[in-house]
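These notes concern the structure reproduced below.
Keep in mind it's a predicted model, so treat the numbers as computed, not measured. Chain letters run A, B, ... following the sequence lines, proteins first, then strands; residues in each count from 1.
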Number of protein chains: 2
Amino acid sequence: MTNRQSSLVEPCESGDKPYHHGDLRRQILDEAARLLKEEGEAGLSMRKLAQNLGVSRTAPYHHFKDKQALLCGVAEEGFRRLREVVRTPPYVEGAEISEAAVRLFVHRYVQFSIDNAEYYELMFGARLWKSEQLTESLRLEAHNAFKVYIEQIRLWQQSISTSTVDALRFAQVSWSTLHGMSRLLIDGIYLDATAINVMSDTAAKMFWQQLYIQA
Amino acid sequence: MTNRQSSLVEPCESGDKPYHHGDLRRQILDEAARLLKEEGEAGLSMRKLAQNLGVSRTAPYHHFKDKQALLCGVAEEGFRRLREVVRTPPYVEGAEISEAAVRLFVHRYVQFSIDNAEYYELMFGARLWKSEQLTESLRLEAHNAFKVYIEQIRLWQQSISTSTVDALRFAQVSWSTLHGMSRLLIDGIYLDATAINVMSDTAAKMFWQQLYIQA
DNA sequence: AAGCAATCTTGACACTGTCCATATTGAGCA
DNA sequence: TGCTCAATATGGACAGTGTCAAGATTGCTT
């Protein structure tokens, strides 16, 4: 029942149970991601989540309409992170894209999916996308991420004056390759972690050659 | 309470509740796949499954140790089907592989994943592969499927005398592409069904050119 | 100070996977 | 034929789940 002022000081001091908690939504998102990472999808329940945060079972429902909505929130954050990875290539405007740059790009994407597997699975899982209950903000964030990806490919393609590849189609297929590799790895089908680099390099070389191919 | 003889007649006559049912395991697998297809993963529960088949909730547990084991059984069947698709290319032994053959192969794979989405999701989902409870028979069936795939690629590569591609690496990456396209489609991220053919063709052309590339 | 909206809590309900003891059955052996 | 035994099916029970409805608490605004 101890009560403390909170508007001025940082509300996140830990200790006794506070009044209104103040920072829940944020902590829910983080704890959800943590649970997903540690125990997998089966280990994430609304009740356990609430208990771990020291609030009642239904408290989270004032910040997320649904479990679904919560997962959408987590995925949304994943897309924001991914966008930064995709958008920050070592690509100098005007200069011709190099094979090394493509290789680095591939490595970054795959590495992101591994480092953020909890997020990645949600971001591109049927759980959310086949549910007809996608948060509008998530749909926006996802659409945006793909737009950034296409824009990136278009820059590559335009930097090579002789390239005849259709940028959109190439974007779709190359993304499929990246996505496929990532899923096979994080879903536990490709266990050989040392194969990651070899596969990434092979994929990068394929992309690179594809960009130069003439019709 | 009506009771009937059963040893001589076909036990699967429908009508009143029979003695020992006799054909359960098979029907469980089918009904599970049906439920997955109609209502998605969330719509499949052991209890509903049993109820739909007219048996008690725990009856399925005499044929599958677990829900997990049941899903493994379904996935296993999926792998058997996939193997047939992969193994039956229009490829004439000895003749050089044609671009059209590659294209057809890609189409077949993607089409399989769409037509058997319920199976595909299980076959390559984290649900099973990250669970440490994979049925041994499933692990075998899966391993076999990938072996058949590699063998196929190797045939292609050997049919082109000038090809310098590393067959194993190319198999890994091309499979990633196929898997990525399939997942993006069946998970509902690529909604545009008309894009399937275009993407498949683009991927096929990429594979084809890759097979011919010189180091 | 009063009121209101946001936030949190408790209780309840239907549903889930799965263990247990029990009942039914079919097949193999005397 | 009759008896036994393992395979199969059943209902009860338990802990766990998502989520709704009603009530309590709190902080902000007027």
Side-chain angles (χ1 to χ4, degrees), chain A residues 1-12 16-29 31-32 35-36 39-74 127-128 131 133, chain B residues 1-12 16-29 31-32 35-36 39-74 127-128 131 133:
Chain A
M1 289 298 183
T2 44
N3 204 334
R4 290 190 291 156
Q5 296 283 21
S6 79
S7 15
L8 304 176
V9 229
E10 300 122 89
C12 206
D16 341 46
K17 289 260 189 70
Y19 39 99
H20 252 185
H21 196 289
D23 196 19
L24 204 53
R25 190 188 150 95
R26 176 74 259 149
Q27 281 184 240
I28 291 178
L29 284 171
E31 178 67 10
L35 275 174
L36 282 173
E39 318 187 28
E41 176 167 358
L44 169 61
S45 79
M46 294 296 269
R47 294 170 106 109
K48 196 195 297 183
L49 187 58
Q51 189 175 350
N52 287 3
L53 295 176
V55 295
S56 90
R57 315 139 241 155
T58 56
Y61 284 86
H62 292 101
H63 300 272
F64 300 94
K65 166 183 163 293
D66 250 350
K67 185 178 189 181
Q68 189 80 3
L70 164 59
L71 296 181
C72 282
V74 177
R127 171 78 199 256
L128 297 187
S131 74
Q133 294 181 25
Chain B
M1 292 294 184
T2 44
N3 206 335
R4 290 189 295 158
Q5 297 281 22
S6 80
S7 14
L8 303 176
V9 230
E10 300 123 271
C12 204
D16 341 46
K17 291 260 189 70
Y19 40 95
H20 252 185
H21 196 289
D23 196 20
L24 204 53
R25 192 188 148 94
R26 178 71 259 150
Q27 279 183 242
I28 292 178
L29 284 171
E31 177 67 10
L35 274 174
L36 281 173
E39 318 186 29
E41 176 168 356
L44 169 61
S45 79
M46 294 297 267
R47 294 170 105 108
K48 196 195 297 183
L49 187 58
Q51 189 174 352
N52 287 4
L53 295 177
V55 296
S56 91
R57 314 140 245 155
T58 56
Y61 284 86
H62 292 100
H63 299 271
F64 299 95
K65 167 182 163 293
D66 248 350
K67 185 177 189 181
Q68 189 80 3
L70 164 59
L71 296 181
C72 282
V74 176
R127 171 77 199 256
L128 297 188
S131 73
Q133 294 182 24

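Residues that satisfy the salt bridge (charged side-chain N to carboxylate O under 4.0 Å, His left out) test with A:Arg57, not counting sequence neighbours, are absent from this structure. Not counting sequence neighbours, the partners of A:His63 by the side-chain contact (heavy atoms from CB on, under 4.5 Å) test are A:Leu24, A:Arg25, A:Ile28. Taking A:Ser131 as the reference, A:Gln68 meet the side chain to side chain donor-acceptor pair (under 3.5 Å) condition, with sequence neighbours excluded. Partners of A:Ser56 by side chain to side chain donor-acceptor pair (under 3.5 Å), not counting sequence neighbours: none found.
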So which protein N/O to nucleotides 14-16 of chain C N/O distances come out below 3.5 Å?
unit_1, atom_1, unit_2, atom_2, d
C:dT16, OP1, B:Ser45, OG, 3.0

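The nearest whole Å value for the distance from the NZ atom in B:Lys65 to the P atom in C:dG17 is 14 Å. Rounded to an integer number of Å, the gap from CG of A:Asp23 to P of C:dT7 is 12 Å. Taking atom CG of residue B:Leu24 and atom P of nucleotide C:dT25, one finds them 16 Å apart after rounding to whole Å. At whole-Å resolution of the value, CG in B:Leu49 and P in D:dA9 are 13 Å apart. When the P atom of C:dT7 is taken as reference, atom CG of A:Leu53 falls 16 Å away, rounded to whole Å. Between the CZ atom of A:Phe64 and the C1' atom of C:dT7 there is a distance of 14 Å, rounded to whole Å. Here D:dG23 presents its P atom at 21 Å from OH of A:Tyr61, a figure rounded to the nearest Å.
Judged by closest nucleotide on DNA chain C, A:Ser56 is the one of A:Ser56 and B:Gln68 placed further toward the 5' end.
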Which atom pairs, donor and acceptor, lie under 3.5 Å between side-chain atoms of residues 42-54 of chain B and protein residues at least two apart or in another chain?
unit_1, atom_1, unit_2, atom_2, d
B:Ser45, OG, B:Lys48, N, 3.0
B:Lys48, NZ, B:Glu39, OE1, 3.2
B:Lys48, NZ, B:Gly43, O, 3.0
B:Asn52, ND2, B:Glu31, OE2, 2.9

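With hydrogens and angles ignored, a donor-acceptor pair under 3.5 angstrom links the side chain of B:Arg57 to the base of D:dG12. B:His62 contributes no side-chain N or O that forms a donor-acceptor pair with the base of D:dA7 under 3.5 Å.
Taking the side chain of A:Ala59 as heavy atoms from C-beta on, and the options C:dG17, C:dC8, D:dT10, the nearest nucleotide is C:dC8.
Between A:Phe64 and A:Val74 there is no side-chain heavy-atom pair separated by less than 4.5 Å.
Taking only side-chain nitrogens and oxygens, A:His63 never comes nearer than 4.0 Å to OP1 or OP2 of C:dA6.
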